[in-house]
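Worksheet for the structure shown next.
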Amino acid sequence: MTAALKARVARLEARHKAANDKPKGIIGGEYGHLIPNPDKPGHLMFSQPPGGFAEYARAQQNALQSELRTFFADMIEPQPEGIPAIVGTEPLAPLPKNKKRARYIEVNGVELDALALRGNRK
């Protein structure tokens, strides 16, 4: 083996060893494999978690949402006094023909971009 090949093999082995330590994603998991159907001999069915996939997905979704709530609770900062909370994201009522909305509005002496607050560009 040449020195260049030895160095390349050493780099690849180091990369492979580092990749083994990282967690890998699971596709399919422990459920969803074809197994023999006990009710119909000669037929196959997908394995399901206890309670079915709907219950499994609901439990997984609840766990993820509770984890997100804890992350969000850590990120919440108290709102300073005197600044109103932005409420309402529903689209605004249509304007008469040839009329435009005000681009900038004034709230508590501060000029704000109304389009950015509304979240729509109509």
Side-chain angles (χ1 to χ4, degrees):
M1 249 199 265
T2 64
L5 185 58
K6 285 181 184 178
R8 183 170 183 207
V9 168
R11 279 196 315 267
L12 289 173
E13 286 177 351
R15 188 182 306 163
H16 181 69
K17 184 176 184 287
N20 280 341
D21 297 338
K22 294 180 182 177
K24 294 177 176 60
I26 299 172
I27 298 175
E30 57 187 294
Y31 305 111
H33 303 287
L34 288 174
I35 59 171
N37 189 343
D39 299 332
K40 298 180 182 177
H43 290 83
L44 297 175
M45 64 181 251
F46 285 103
S47 62
Q48 292 191 12
F53 279 114
E55 187 61 36
Y56 179 75
R58 188 175 299 111
Q60 183 184 36
Q61 188 72 17
N62 288 339
L64 290 173
Q65 286 180 351
S66 67
E67 190 172 347
L68 283 175
R69 283 188 203 100
T70 59
F71 290 151
F72 185 69
D74 294 340
M75 293 173 30
I76 290 178
E77 296 177 0
Q79 179 131 1
E81 290 185 25
I83 298 177
I86 299 171
V87 287
T89 58
E90 62 276 346
L92 300 172
L95 289 174
K97 192 173 184 178
N98 296 329
K99 289 281 187 174
K100 289 187 175 182
R101 288 188 174 82
R103 172 70 191 256
Y104 296 96
I105 58 175
E106 186 176 329
V107 176
N108 293 340
V110 178
E111 192 173 275
L112 301 171
D113 185 354
L115 294 179
L117 291 175
R118 278 182 247 168
N120 60 6
R121 302 284 177 190
K122 293 181 182 179

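What you see is a predicted model; the values in this text were computed from it and never measured.
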- Message: Working to the nearest 0.5 angstrom, can you tell me the gap between Leu64 CG and Arg69 CZ?
- Response: 10.5 Å
- Which heavy atom of Phe46 sits nearest a heavy atom of Ile35, and at what distance? C-CG1, 4.5 Å
- State, to 0.1 Å, how close Pro38 and Met45 come at their nearest heavy-atom pair, and which atoms those are. CD-SD, 4.0 Å
- Full working for side-chain contact (heavy atoms from CB on, under 4.5 Å) between Lys6 and Val9: CA-CA 5 Å; Lys6 285 181 184 178; Val9 168; 5.8 Å; no
